[in-house]
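See below for the structure under consideration.
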Amino acid sequence: MPLNTRAPHTTSKAGAATDGVLPAEEDERPAPEAEPAAPDAPAERTTEPEPAAPDAPADRTTEPDAADAPTAADAPTAEDEAVGTDAAENRAGIADGPRLRFRWRTWRADHPLAARVLGITVTVLAGVLVVVSLVMPNRPASFRPAMFTRIPVEALIGGVVLTALPRRPRLVVAWVGGVALGVQTMLNLLDAGFYQYLGRDFNAVLDWPLLSDAYSYLQDTLGGAGALGVLCAAVAIVLAVLAVSALSVVRLGNVMARHRTTTTRTVLVLSMVWMTCTVLGLQFGGVPLAAERTVTMLKVRSDLIRQTLRDERDFAKTARVDAFGATPGSQLVPDLRGKDMIFTFIESYGRSAIEDPIMAPGVDKTLDTSTQALAKAGFHAKSGWLTSATYGGSSWLGHSTFLSGLWIDNQNRYRTVTTSDHLSLTKAFQKTGAWDTVGIMPGVQKGWPEQKFYGLDKVYNAFEMGYEGPKFSWSTMPDQYALEAFQRLEHGKKRDKPLMSEIILTSSHTPWAPIPKMVGWDQLGNGSIFDAIQKAGNKPDYTYTSDTHSREEYGKSVQYSVTALTQFLERYGNDDTVLVFLGDHQANAHVSGDHASHDVPCAIVAKDPKVLDKIASWGWTDGLRPAHNAPVWKMSSFRDRFLTAYGSTPHPSGD
């Protein structure tokens with residue numbers, strides 16, 4: 001086989017050799033003058049190869065001698081220009097570089113049109129990827145075609161910089177800029193995901209620990225193998241986005257540097273178009289054509305970081321100030337002495353469950369039926385709305401906001417308040433010395449140091465209630481079983497003091513499949529009765545594939561939780577029982593919608609009419625279902641209102 005497999009040389013109008021392939025665009029750089037050959041130098045190689053020496057290898061195209069150093073054959077050719085490859089970069093790399101380049105050039109010489117099309121295609125795709133990354137929105141509802149028709153000013157600035165720089169600085173800037181672009185893309189995707197599920201943007205300072213919680217959630221819903229698969233896919237996507245973004249910017253930088261004149265003209269024209277669109281406010285589909293999205297997002301993120309760090313300092317001062325912090329125990333909640341107090345959170349029980357047209361019919365019927373059943377048992381209720389500090393998840397933020405009287409909307413605030421001496425509502429009962437205090441926490445599966453902040457003498461976690469039945473996706477046990485365990489372990493026992501309890505019900509936690517069903521209270525046993533119910537229920541992916549399925553099953557789960565709680569009260573409540581129950585937050589946007597409020601229902605139930613008379617001035621609705629126009633308060637205001645209503649005397653601390 002001949003050593004020289006390149007196509008015959010041709011000459012363009014400018015006299016540049018093209019090796020049989022017309023470049024994508026005429027090289028703007030002046031061709032170097034050829035040095036005169038030495039007198040005894042061999043004549044210039046023609047298109048016809050010379051015969052190989054008798055003992056030379058028969059085929060150098062597939063197995064060149066690895067010991068050979070790169071020769072003039074490795075010099076840049078017109079094929080390099082056609083596919084946008086920098087010749088100097090071609091010569092640098094791994095040990096097999098010359099061999100791979102030789103084969104690649106051979107293929108390009110044999111397929112010039114395919115090589116040209118491939119080079120142009122890769123360059124165009126790189127350009128599209130960069131532009132899409134620069135104008136990508138960070139809200140799910142904003143992902144529409146008009147958002148991707150904008151002209152990003154960052155691309156114009158980048159084009160000027162990369163065109164002007166020498167080769168080595170250009171490569172450094174291109175790699176760094178490409179990785180930064182990839183990071184920005186991933187942050188935009190995180191923002192979109194957080195907004196869909198938590199109703200807010202991703203906080204680059206505080207939210208990294210939530211990724212661990214997300215993995216634990218996947219393990220509970222998909223199993224270990226499924227969660228590991230999702231994790232591997234996520235890591236692969238992140239690495240791919242970073243690598244492809246960097247390579248795209250490097251490629252575009254090389255192409256623009258080789259065609260400086262054309263690039264300069266193009267950038268100048270596009271800059272004039274961008275400025276015209278900015279001045280005239282031109283839009284397409286309601287979206288401005290001139291974009292500076294990445295610059296804006298960098299400013300927003302930097303402002304958020306500064307605000308987060310400043311909030312950390314300011315909130316620590318706020319948490320030290322407490323209207324009831326120095327109130328003696330004898331002056332806390334005197335009007336509730338002798339009452340068995342139960343504070344219960346129903347997971348994801350939000351306003352949408354009561355007002356959404358898909359979910360409301362079933363939930364409202366359950367609330368009305370339960371109100372009537374409780375009335376027959378002698379209980380009455382009043383209900384209103386509270387605005388939660390969280391949405392879609394992070395239930396502990398809602399719990400701590402309700403019980404601390406402080407607005408706890410991020411992880412840093414949560415850590416600050418739960419490690420402080422701030423008085424929580426439940427701890428106020430412990431401080432009096434007149435109540436035993438207990439927590440029923442089926443969602444807690446590890447150490448829980450917050451027990452001290454909440455003032456709980458004893459906490460029962462998921463492993464301490466004797467449950468031997470199946471998990472229902474994330475929920476470790478059905479709410480009915482958790483309530484029956486509470487009755488067996490604490491509420492049903494004779495004691496010298498009344499009991500104050502905090503209960504977290506988890507059956508209405510996402511993904512709302514499978515959902516437990518009510519069984520006879522006397523049949524609960526160790527929970528194994530739920531085996532058949534769990535197996536017959538829907539799998540978690542049933543709700544993942546359809547928002548309608550999610551809403552329907554979510555509504556059923558809320559009905560189940562409310563039914564279990566109110567039946568428990570009917571069955572085990574007495575004249576001294578007072579129940580306060582509420583949702584911790586709205587369900588995520590797949591259920592509640594993109595523009596749902598953060599409101600949740602809250603109800604107080606008691607047999608003693610004096611208990612409800614104390615809150616008559618609140619304007620709450622009679623029954624378990626708050627009216628649409630019932631008062632709406634921030635959840636953080638409930639603690640002080642409740643303590644005041646039941647006779648507590650303020651004694652501020654930390655002033």
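Throughout, numbering of the chain's residues begins at 1 and tracks the sequence.
- Under the 3.5 Å distance criterion, with hydrogens and angles disregarded, a donor-acceptor pair is assigned to the side chains of T506 and S475.
- Within the cation-pi definition used here (under 6.0 Å to the ring centroid, within 45° of the axis), K634 qualifies as a partner of W407.
- In the model, E450 has no side-chain atom that pairs as donor or acceptor with a side-chain atom of W396 under 3.5 Å.
- There is no side-chain donor-acceptor pair under 3.5 Å between T577 and D340.
- Remark: the backbone N or O of G455 is paired with a side-chain donor or acceptor of T437 at under 3.5 angstrom.
- Heavy atoms from other residues, nucleotides or ligands lying under 6.0 Å from NZ of K614 number 12 at most.
- With hydrogens and angles left out, the side-chain atoms of S388 and Q586 include no donor and acceptor closer than 3.5 Å.
- Checked against the 6.0 Å centroid criterion, the rings of F581 and F343 do not qualify as a close aromatic pair.
- A donor and an acceptor atom, one from each side chain of S653 and D322, are nowhere located under 3.5 Å apart.
- When ring centroids are compared, W633 and W620 come within the 6.0 Å threshold.
- Evaluation of the ring-ring contact (aromatic ring centres under 6.0 Å, His included) test over residues 478-500, restricted to residues two or more places apart or in two chains, returns Y467-Y481, F486-H491, F486-F568, H491-F568.
- Checked against a 6.0 Å centroid threshold, the rings of H585 and Y391 do not count as neighbours.
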